[in-house]
Every structure is written in structure tokens, then in C-alpha cells.
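Working notes for the structure below.
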Amino acid sequence: MKRAILAAAVLVALAVPAAVARQAQPSPAPSDDAEAAPAGESSMDVDGDLSEQGAWAAIPWRTAFTHNLHNKIVHFPLALGLAAAFMLVVAPRWPAYAPAARVLLIVGALASVAAFFSGKAQEDQFDDSPFHAVVEVHQKFGIATAITLWAGVALAFWGRARRFLPVYGVLLILLLAATGFLGGVLSHS
């Protein structure tokens, strides 16, 4: 029974941020790739209703996986970190969650490294933008979140520090929420 609850909690923690992000996604911008469409047409120029031709035809497949890579990668440390934090908060009551929380912290911390480098690569597009100051604050919160995730990995394996893990979990939830909020502002504005 406990494993089923744990599995359900992990699935919800992974699915909710993705579903919320998917709802808030703006419609794709037309592609500037000259090879993708004949002259005078963009990949979004379609005759008739998209439901007739299929929405799959409107996806710019050449850049779908690599364009704005940070926006895709960042969901891993966010979801895994939140799931780990919630498990750490409830672990004093249900100690069986502690090993799963440690694994989630490790994977989330590793994903935070990829999120940092992909974010640095995407930072240039905001240089002349009014959102540049928000990018700077988001970057600082992101670095603090990554450091906090790695500190959680160390704390989770240090016997004496385990009693502080519920407090750490609450701190991690707040930090992830602030970082994710600022990232959402940048991504959806």
C-alpha cells in the first residue's frame, strides 16, 4: 500500500508541472527556416483547419528538441526536487520515503547541472530585453537551487543531519517555487 501511494505521489509530482506548463504554452511562432517551407510560406501557413491537416504538421520538427533547451531540461530538477522535498517533509512520519527522496535528490541535482548550462546558453536572447534584470535574478535563484539540491544530497547521507531534512525540504520547496515562478515569467511573457 505504501509503495502504491509513493508511486502515485511521484507520478503526480512529475505530471502536474508538465500539465501546467503545457496549458500555458503560447502557440508556436512561425519558423524562419527557408528550407522548411517554400518561399513566401512559413511552416505555420496551412490551408484550412489544423484539425483537418493535423496539428503534427505545424510542429517545426528540425528545432523542436534543441530550441530553448533550458525550458525543456529545467522540468527535471524542478519536478524531482519537489517530489524529494515533499518526501523529506513526510519522512519523519513515514521513514520508508527517505531512500526514494535521496534518489530523487541525486537525479534532480544532476539535472540541475544540465539546466544551468542550458540556461547560460539561452541567456543571450534577453540581453537587450526589458526582462534582462529578471534573468539575472532567475539565474541567481537557479544557482542557489542547484547548490541547495547538492547540499541536500550531502545531508541525506550524513547521519547526524537527517533530523534537519524536513526543514531542508520546506526550504527546497520555497526555493524551487521562486525559481520556477521567475522562469515561468521569462518563458511565457
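Phe76 and Val74 fall into different hydrophobic clusters, where Ile, Leu, Val, Met, Phe, Trp and Tyr residues are linked whenever their side-chain heavy atoms come under 4.5 Å apart, directly or through other members. Criterion: ILVMFWY side-chain heavy atoms under 4.5 Å apart, direct or through other members. Under it, Val170 and Phe164 are not part of a common hydrophobic cluster. Residues Phe116 and Leu176 fall within the same hydrophobic cluster, defined by Ile, Leu, Val, Met, Phe, Trp and Tyr side chains chained together at heavy-atom separations under 4.5 Å. Residues Leu78 and Val135 do not share a hydrophobic cluster, clusters being chains of Ile/Leu/Val/Met/Phe/Trp/Tyr side chains in contact below 4.5 Å. A continuous path of ILVMFWY side-chain contacts below 4.5 Å connects Phe181 to Phe126, so both sit in one hydrophobic cluster.
Here the options are Val113, Val107, Ile106, the test is side-chain contact (heavy atoms from CB on, under 4.5 Å), and the partner is Leu110; only Ile106 passes.
Looking at residues two or more places apart in sequence or on another chain, you find a salt bridge (charged side-chain N to carboxylate O under 4.0 Å, His left out) between Glu123 and Lys120.
Here Asn68 contributes atom CG and Gln122 contributes atom CD; the two are 4.0 Å apart, rounded to the nearest 0.5 Å. Expressed to the nearest 0.5 Å, how far CG of Leu105 lies from CE of Met87 amounts to 10.0 Å.
Panel note: side chain His75, backbone Asn71; a donor-acceptor pair is recorded below 3.5 Å.
Closest non-hydrogen pair, Leu104 versus Ala83, comes out as CD1-CB, 3.7 Å. Ala84 and Ala101 get closest at one heavy-atom pair: CB-O, 3.6 Å. Taking both residues in full, the closest heavy atoms of Pro99 and Pro95 are given as CD-O, 3.7 Å, listed atom of the first, atom of the second, then distance.
Few gaps surround CG on Asp124; more than 12 heavy atoms of other groups in view lie less than 6.0 Å from it.
A 4.5 Å side-chain heavy-atom check between Ile173 and Phe86 finds at least one atom pair inside the cut-off. Inter-residue side-chain proximity for Leu88 and Leu172 is flagged as unmet; no heavy-atom pair is nearer than 4.5 Å.
Sorted by first and then second residue, the pairs that involve residues 98-119 and meet side chain to side chain donor-acceptor pair (under 3.5 Å), not counting sequence neighbours, are His70-Ser118.
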Using distance only, find each side-chain donor-acceptor pair of residues 142-160 under 3.5 Å and give its atom names and separation, not counting sequence neighbours.
residue : atom : partner : partner atom : Å
Thr145  : OG1  : Phe141  : O            : 2.8
Thr145  : OG1  : Thr179  : OG1          : 2.9
Thr148  : OG1  : Ala144  : O            : 2.6
Trp150  : NE1  : Ala109  : O            : 3.2

